[in-house]
2 protein chains.
Amino acid sequence: MTLNLPPLSAIRAFEAASRHLSFTKAGDELGLTQAAVSYQIKLLEEKLGFAVFERKTRKIDLTQKGALLAEGVVEAFSRLRQTFQDVQDADASELVVSSNTTFAVNWLASRMFSFQMQNPDIAVRLVSYGPWEKPKFDQADVTISACYPPPKGNLFIPLIAAEFTPLVAPQLAQGIGGINTPADLLKLPIIDPDDPWWRTWFSAAGLPDADLTKWPTSRMGSQALEANRAIAGQGVAILTPYFCRQALQQGQLIQPFDLVCAEEDESWALSYPPRNKNSRKVRLFQDWVVSELGRDGLHCPEAVLIGSDD
Amino acid sequence: MTLNLPPLSAIRAFEAASRHLSFTKAGDELGLTQAAVSYQIKLLEEKLGFAVFERKTRKIDLTQKGALLAEGVVEAFSRLRQTFQDVQDADASELVVSSNTTFAVNWLASRMFSFQMQNPDIAVRLVSYGPWEKPKFDQADVTISACYPPPKGNLFIPLIAAEFTPLVAPQLAQGIGGINTPADLLKLPIIDPDDPWWRTWFSAAGLPDADLTKWPTSRMGSQALEANRAIAGQGVAILTPYFCRQALQQGQLIQPFDLVCAEEDESWALSYPPRNKNSRKVRLFQDWVVSELGRDGLHCPEAVLIGSDD
DNA sequence: GTCATGCATAAATTTCCCTTATGCATAGAT
DNA sequence: ATCTATGCATAAGGGAAATTTATGCATGAC
């Protein structure tokens with residue numbers, strides 16, 4: 001098992017030379033000079049202790065042992081190439097997107113069909129993660145995340161500012177005679193009162209001491225679920241208006257106040273490891289996401305390189 | 001066919017790591033540090049554009065694509081190792097000796113049996129070359145040659161001085177009333193009168209102008225053949241006494257004069273390319289040759305490295 | 001909590017691979 | 001026969017890439 005192979009570069013040179021029966025042509029194939037191939041073959045012969053080529057005057061021939069070697073070596077390299085080809089084909093045809101549930105449900109799900117129509121050769125696999133999980137940066141080709149900064153070295157494109165403001169079903173607002181001041185909100189059930197967004201928003205609204213403890217803790221963890229509860233009239237939720245556009249347009253939810261807050265460093269962003277910089281499928285996906293956002297009037301900055309890991 | 005493989009060193013690291021599922025152990029196997037393996041795997045992943053290992057906390061696992069790769073890569077390397085193992089086994093078990101015909105016939109042939117008895121695991125193949133051919137330095141594991149200096153870089157052991165003196169069958173000498181002076185030789189048919197040894201010897205014997213043109217040119221090219229003609233009484237030949245010891249002892253040939261000449265730089269020598277410096281079979285053969293010569297009272301100097309090619 | 005294990009990373013070093021430039025031999029052409 | 005073109009060998013030098021050393025970090029085991 002643990003036979004020490006000669007230097008692999010020498011084996012590779014031999015493989016090519018044995019197919020071409022020419023150092024010059026082998027060099028061409030490998031992108032090397034003839035001298036480099038000659039050097040590697042000599043190296044191989046010294047390691048092996050016998051000649052693999054017979055040097056005729058203007059050509060070379062495999063020696064008996066060289067021919068024996070060539071057979072197996074060519075096969076082995078063929079297997080290698082096939083293996084890498086196969087796995088790269090497999091890779092090119094499957095795009096793994098990791099996204100948090102909110103974005104997956106509110107944004108990706110309804111649009112993915114359009115991407116698949118545009119790129120029928122790419123199978124998309126969506127790996128969503130809940131709000132208490134970390135994004136699976138290393139298991140996905142591309143990740144859409146909020147709150148969690150991608151690993152150092154990743155490429156990063158901010159997509160959507162993570163703005164938030166209370167949203168509520170119109171019937172519910174009417175039920176308490178309309179919502180006119182931020183304090184009115186406290187008359188209603190607060191959906192997910194532990195969400196730090198509430199604290200931030202109430203502070204910005206001039207009520208830093210609003211008592212949010214009287215409602216049961218029930219982190220849904222996903223804006224999709226919270227939005228559904230709000231639409232159902234179960235209370236007031238603090239949500240990102242962009243993700244509720246449809247409900248807002250259709251009057252299922254209303255935004256009582258213009259005050260929209262944003263947490264520093266919390267915004268949805270697309271990111272991917274640097275190795276995917278030239279990946280076709282990632283490029284296509286990124287372009288598609290950006291263009292979809294553009295259709296909603298949102299414009300994304302250029303990709304930037306994440307430099308720090310904090 | 002011409003898919004560009006990732007760096008082979010990275011593939012090799014991956015191959016070992018995929019078997020051990022451990023960078024540390026892979027490093028041990030390859031004689032590298034853990035850091036080197038880690039580096040190579042990272043390199044591979046960047047070239048490929050996807051991860052091949054999942055980093056768990058104190059272990060690593062192949063990713064889906066990694067597992068796909070591993071299968072083929074391990075197989076390919078296994079094929080490589082097998083191939084090299086086979087050809088090295090074949091190499092170890094066959095010793096190719098290139099020798100000129102004279103030495104092969106007069107020395108090797110009768111003794112080879114003893115070598116084969118001592119080394120039953122080594123099959124000897126003798127490639128002899130005629131006097132007008134060059135030694136096949138590069139086709140043989142070890143070469144015994146005279147006159148032709150081995151290629152630069154070869155290891156070289158002088159074996160037998162290429163001395164020469166006229167030898168003749170006793171009946172033939174008697175036929176002309178005995179041979180008393182060098183000039184007497186000219187009364188007899190000269191076997192291979194074009195051999196430059198004749199010129200050298202007659203000059204040394206004080207007859208620089210001896211007319212050797214009256215006999216037909218008939219280079220036998222091999223002392224064995226010339227010796228046989230001399231023994232048969234067809235003429236006088238210029239031969240190396242050592243190679244005719246038996247005939248001299250048995251009285252089939254006599255040496256009329258003590259004058260023995262030697263051409264500069266013409267002596268039988270054993271040589272082999274530097275790559276065989278540590279070859280077991282070559283070492284065994286060399287030791288055997290030297291010991292056989294020792295039994296004849298000849299002692300060989302140490303091997304020297306040929307430094308010039310002239 | 002402490003220690004041990006295993007991988008990641010950075011910087012420095014070394015190795016060795018490759019190129020350039022040249023030589024040599026010879027097959028093929030004139 | 002001579003000349004030219006082709007193909008491999010070799011030496012020297014440069015430089016990229018592989019490796020080591022020295023860390024850090026996370027976590028599982030005790």
Side-chain angles (χ1 to χ4, degrees), chain A residues 5-14 16-18 20-47 51-63 66 134 137-138 151-154 273-275 306-310, chain B residues 5-14 16-18 20-47 51-63 66 134 137-138 151-154 273-275 306-310:
Chain A
L5 289 172
L8 292 175
S9 49
I11 301 181
R12 175 176 43 193
F14 171 70
S18 75
H20 293 295
L21 289 182
S22 156
F23 293 175
T24 308
K25 286 186 193 142
D28 290 344
E29 173 180 319
L30 297 173
L32 301 177
T33 59
Q34 163 269 127
V37 177
S38 175
Y39 169 84
Q40 292 293 344
I41 300 295
K42 182 176 199 176
L43 207 67
L44 179 67
E45 292 180 324
E46 279 177 11
K47 290 277 176 189
V52 294
F53 285 111
E54 249 179 90
R55 274 70 165 179
K56 305 284 184 66
T57 171
R58 275 180 68 178
K59 62 187 253 222
I60 53 174
D61 273 336
L62 287 162
T63 62
K134 287 191 173 179
F137 288 112
D138 54 343
K152 188 174 172 181
N154 268 30
R275 63 176 182 244
I306 298 296
S308 68
D309 207 0
D310 41 23
Chain B
L5 289 173
L8 292 175
S9 49
I11 301 181
R12 175 175 44 193
F14 171 70
S18 76
H20 292 296
L21 289 181
S22 156
F23 292 176
T24 308
K25 285 186 194 141
D28 289 345
E29 174 181 319
L30 298 172
L32 301 176
T33 59
Q34 164 270 129
V37 176
S38 176
Y39 170 85
Q40 292 293 345
I41 300 295
K42 182 177 198 174
L43 206 67
L44 179 67
E45 292 180 325
E46 278 177 12
K47 290 277 175 189
V52 293
F53 285 112
E54 249 179 89
R55 275 69 165 180
K56 305 284 183 69
T57 170
R58 276 178 68 176
K59 61 187 256 220
I60 52 174
D61 272 336
L62 287 161
T63 61
K134 286 191 173 179
F137 288 112
D138 54 343
K152 187 174 171 182
N154 268 29
R275 62 175 183 247
I306 298 297
S308 68
D309 208 2
D310 40 25

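Each chain gets a letter, A, B and so on, in the order its sequence line appears, and its residues count up from 1.
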Between atom NZ in A/K59 and atom C1' in C/dC24, what is the gap in whole Å?
20 Å
I want to check one thing: is the phosphate of C/dT9, taken as OP1 and OP2, less than 4.0 Å away from some side-chain N or O of B/K42?
yes
Would you work out how much the helix from C/dG1-D/dC30 to C/dT30-D/dA1 bends between its ends, with each end axis defined by five base pairs, to 10 degrees?
30°
To the nearest Å, give me how far apart CD (B/E45) and C1' (C/dC7) are.
12 Å
What nucleic acid atoms does A/T57 come within less than 4.0 Å of, heavy atoms only: base, sugar-phosphate, or nothing?
sugar-phosphate
Please state how far atom NZ in A/K25 lies from atom P in D/dT6, giving the value in whole angstrom units.
12 Å
Respond yes when some side-chain nitrogen or oxygen of B/T24 is under 4.0 Å from OP1 or OP2 of C/dC7, and no when none is.
yes
Calculate, to the nearest 0.5 Å, the distance between atoms CZ and CD1 belonging to B/R55 and B/I41 respectively.
7.5 Å
Interatomic distance, B/R12 atom CZ to B/L44 atom CG [nearest 0.5 angstrom]
13.0 Å
Value rounded to 0.5 Å, distance of OG1 in A/T24 from CG in A/L32
12.0 Å
Rounded distance (Å) that lies between atom P of D/dT20 and atom CG of B/D28
11 Å
If the plane angle is over 60° it's perpendicular, under 30° parallel, otherwise tilted; pick one for B/F53 and B/F14.
tilted
How many whole angstroms separate atom CG of B/L8 from atom C1' of D/dA17?
14 Å
Take nucleotides 14-21 of chain C nucleotide by nucleotide from the 5' end and write B, S or -, depending on whether a protein heavy atom sits under 4.0 Å from the base, only from the sugar-phosphate, or from neither.
---BSBB-
D/dA26 phosphate, OP1 or OP2, under 4.0 Å from B/R58 side-chain N/O
no
Do B/P6 and B/I11 have side-chain heavy atoms sitting under 4.5 Å apart?
yes
If you measure from NZ on A/K56 to CG on A/L21, what distance do you get to the nearest 0.5 Å?
10.0 Å
Minimum heavy-atom distance between B/V37 and B/A17, given as atom pair plus value
CG1-CB, 4.4 Å
Length of the line joining A/I41:CD1 and D/dT10:C1', which is rounded to integer Å:
16 Å
Please give, in whole Å, the distance from D/dT6 C1' to A/I60 CD1?
14 Å
Out of curiosity, A/K42 NZ to A/F23 CZ, how far, rounded to the nearest 0.5 Å?
11.0 Å
Please report the interatomic distance OG(A/S18) to CG(A/D61), rounded to the nearest 0.5 Å.
12.0 Å
Between atom NZ in B/K56 and atom P in C/dA8, what is the gap in whole Å?
14 Å
